[in-house]
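Contents: one structure, followed by commentary.
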2 protein chains.
Amino acid sequence: MSIAIENFVKAIYKNDKNNSNDTKPGNIAKKLGISNAAATDMAKKLATKDLLHYEKYQELKLTKKGTKMALNVVRKHRLWESLLFRMFDMSLHEIHRESELLEHQTSDFLANKISEYLGNPKFDPHGDPIPNAQGEITTKDTSIALSNTQEGNTYIISRLMSDDKEFFDFCALNGLKYGNTIVVTKQFSKNKMTQILINNNTILLNEDFTNIIYVNETN
Amino acid sequence: MSIAIENFVKAIYKNDKNNSNDTKPGNIAKKLGISNAAATDMAKKLATKDLLHYEKYQELKLTKKGTKMALNVVRKHRLWESLLFRMFDMSLHEIHRESELLEHQTSDFLANKISEYLGNPKFDPHGDPIPNAQGEITTKDTSIALSNTQEGNTYIISRLMSDDKEFFDFCALNGLKYGNTIVVTKQFSKNKMTQILINNNTILLNEDFTNIIYVNETN
DNA sequence: AAAAATATTTAAGTAAGCTTAAATTTAAAG
DNA sequence: CTTTAAATTTAAGCTTACTTAAATATTTTT
């Protein structure tokens, strides 16, 4: 299948996961930087390939086959991120940018080699789960957005859900990293801001950030 | 530039290096598995982009710009081969197959990271020279084909110039590997065969193989 | 040096993956 | 509930990278 198709099913998959927007052609088009018309065309075409269900004006829904394809691409993306992050001195933004391209030119064979080399990791450096070779995500996600945490509690950063360079630069600068511990010192619910303590520094995060930083409670 | 263009200039570059065939559209088409007509079309198009010189019925000649592009792709290919070969348990044929795809989706930035990680190697696992970041090959090649060696002399394998799985399987089985030492025990000039001693095994190689195995004299 | 074989080029056409503009449908607002 | 706004779809068209078939030029053979 082509790169365009892989990116299309991946975009649908990710849009569903975030359940931020409804999964209609327009929203997918926005993510991919193509016109609405192109997205509609592609949706129709993929329906004939049994990758998704298409009904005029309705949301797009991946078939089992489509989901499997999406997870296969996601797997390769996250394995590349894991490998590049471990081997080279590259930022979260940089590994994402490179993996976005490499994911489409990676055989299942090579993906398995990378996975094996890394010890079959379950999570990538963003904290996102890595599907296995069968396209299954076996871990369950108990993490919550920082915006939903309780004042006074201690948490462990589990996911940084973004592709944005500036966000990652901010994270790197402030020690916001997968696995690190933070204390939520104050929730400003009216202003939708969260104050946290990390590495003995107090920082105040606004909604944009507290919605994409995910954490787990400490046990 | 597109993958098709990168592959086209690369094919011209490699055809020139091997100086096996004249570098006309038909020969390039054969290498790329496309029709002659497609190759002519592409050649004309690349001439307008100043990547090569095109004159009807004449050989294609890369411009400086075209050569630089080809060397940039070759660099990425050989760096990937070096990395995959070092990290994973993969054969020469497998690393070639994967690198053939990865080479087109690799930023200069990542290529430099890979090079740095490997200690800026000058040769890949096939013994082929790796162009530097400026697209220059700084090593000079003193190696000769096994078919041109002298009976009784000892040599070091310097290059295995092939993409063929069977050839690499044969090499792996018999210890024919970049850097290994062999003794040429007999040249059967009439039958174009060469007998060598390697790892205490005597093997007889025919022309197909002695023309693509390159060696250096020991000092 | 002419005839035959081979390669190259031209011409016409196709599929993928887009575009813009107009028409249609749905969703939102008053 | 009607009007307005927004999104989706259809239609027509473009570019890239091919294809096959026919025309033309070059090589090779005799």
Side-chain angles (χ1 to χ4, degrees), chain A residues 1-13 15-16 18-62 65-66 69-70 73 100-101 103-105, chain B residues 1-13 15-16 18-62 65-66 69-70 73 100-101 103-105:
Chain A
M1 293 289 175
S2 70
I3 293 176
I5 292 177
E6 288 190 349
N7 278 330
F8 201 86
V9 296
K10 191 180 76 163
I12 295 175
Y13 175 81
N15 199 256
D16 277 348
N18 294 351
N19 63 316
S20 40
N21 301 304
D22 50 11
T23 309
K24 286 185 180 168
N27 279 320
I28 302 304
K30 218 170 285 168
K31 301 240 164 141
L32 296 175
I34 60 176
S35 69
N36 287 9
T40 300
D41 273 4
M42 183 61 98
K44 280 185 186 170
K45 186 170 115 188
L46 297 196
T48 70
K49 290 182 191 286
D50 190 34
L51 290 168
L52 53 79
H53 298 295
Y54 174 75
E55 277 185 274
K56 271 192 189 183
Y57 303 107
Q58 303 304 306
E59 292 203 33
L60 306 175
K61 287 195 88 70
L62 290 178
K65 190 176 160 195
M69 178 183 284
V73 178
E100 204 68 8
L101 300 175
E103 64 186 10
H104 303 295
Q105 305 294 350
Chain B
M1 295 289 176
S2 70
I3 295 175
I5 292 176
E6 289 190 350
N7 279 330
F8 201 87
V9 294
K10 193 180 76 163
I12 294 174
Y13 176 79
N15 199 256
D16 276 347
N18 295 352
N19 63 316
S20 39
N21 301 304
D22 50 12
T23 309
K24 286 183 180 171
N27 280 319
I28 303 305
K30 219 170 284 169
K31 301 240 164 142
L32 296 174
I34 61 177
S35 68
N36 286 10
T40 301
D41 272 6
M42 183 60 99
K44 279 184 186 171
K45 186 170 115 188
L46 297 196
T48 70
K49 291 184 191 284
D50 190 34
L51 290 168
L52 53 79
H53 298 296
Y54 173 75
E55 276 184 276
K56 271 192 187 181
Y57 303 105
Q58 302 306 305
E59 293 203 32
L60 306 175
K61 286 196 87 72
L62 290 178
K65 190 176 160 193
M69 178 184 283
V73 178
E100 203 67 8
L101 300 175
E103 64 185 11
H104 304 294
Q105 305 294 350

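Residue numbering restarts at 1 for every chain, and letters A, B, ... go by the order of the sequence lines.
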Measure the spacing between CG of Leu60(B) and CG of Leu52(B) and express it to the nearest 0.5 Å. 6.0 Å

Output for pair (Ile5(B) CD1, Lys45(B) NZ), nearest 0.5 Å, gives 4.5 Å

Rounded to whole Å, please give me the gap between [atom1] in [X] and [atom2] in [N].
| X | N | atom1 | atom2 | value |
| --- | --- | --- | --- | --- |
| Tyr57(A) | dA23(C) | OH | P | 14 Å |
| Lys24(A) | dT26(C) | NZ | P | 9 Å |
| Tyr54(A) | dT25(C) | OH | P | 12 Å |
| Gln58(B) | dT9(C) | CD | P | 9 Å |
| Met1(B) | dT16(D) | CE | P | 11 Å |
| Leu32(A) | dA16(C) | CG | C1' | 15 Å |
| Ile5(B) | dT16(D) | CD1 | P | 8 Å |
| Leu60(B) | dA7(C) | CG | P | 15 Å |

In terms of the nearest nucleotide of DNA chain D, which residue is placed more toward the 5' end: Ala39(B) or Lys49(B)? Lys49(B)

Is [X] near enough to [N] that one of its side-chain N or O atoms lies under 4.0 angstrom from OP1 or OP2?
| X | N | value |
| --- | --- | --- |
| Asn36(A) | dA7(D) | no |
| Ser35(A) | dC18(C) | no |
| Lys44(A) | dG17(C) | no |

Listed nucleotide nearest any side-chain atom of [X], set [options]:
| X | options | value |
| --- | --- | --- |
| Thr40(B) | dT16(D), dT10(C), dC18(C) | dT10(C) |
| Ala4(B) | dT9(C), dC18(D), dT19(C) | dC18(D) |
| Pro25(A) | dT8(D), dT24(D), dT10(C) | dT8(D) |
| Lys56(A) | dA21(D), dT10(D), dC18(D) | dT10(D) |
| Asp41(B) | dC18(D), dT19(C), dT16(D) | dC18(D) |
| Met42(A) | dT26(C), dC18(C), dT8(C) | dC18(C) |

Checking the side chain of Lys65(A) only, and the main-chain atoms of Lys49(A) only, is there a donor and an acceptor separated by less than 3.5 Å? yes

Closest heavy-atom pair and its distance - Ala43(A), Phe8(A): N-CZ, 4.1 Å

How would you label the contact of Phe8(B) with the nucleic acid (heavy atoms, under 4.0 Å): base, sugar-phosphate, or nothing? nothing

Closest-nucleotide 5' rank along DNA chain C - winner of Lys30(B) and Ile3(A): Lys30(B)

Within a strict 4.5 Å, meaning less than it, do heavy atoms of the Lys61(A) and Ile12(A) side chains meet? no

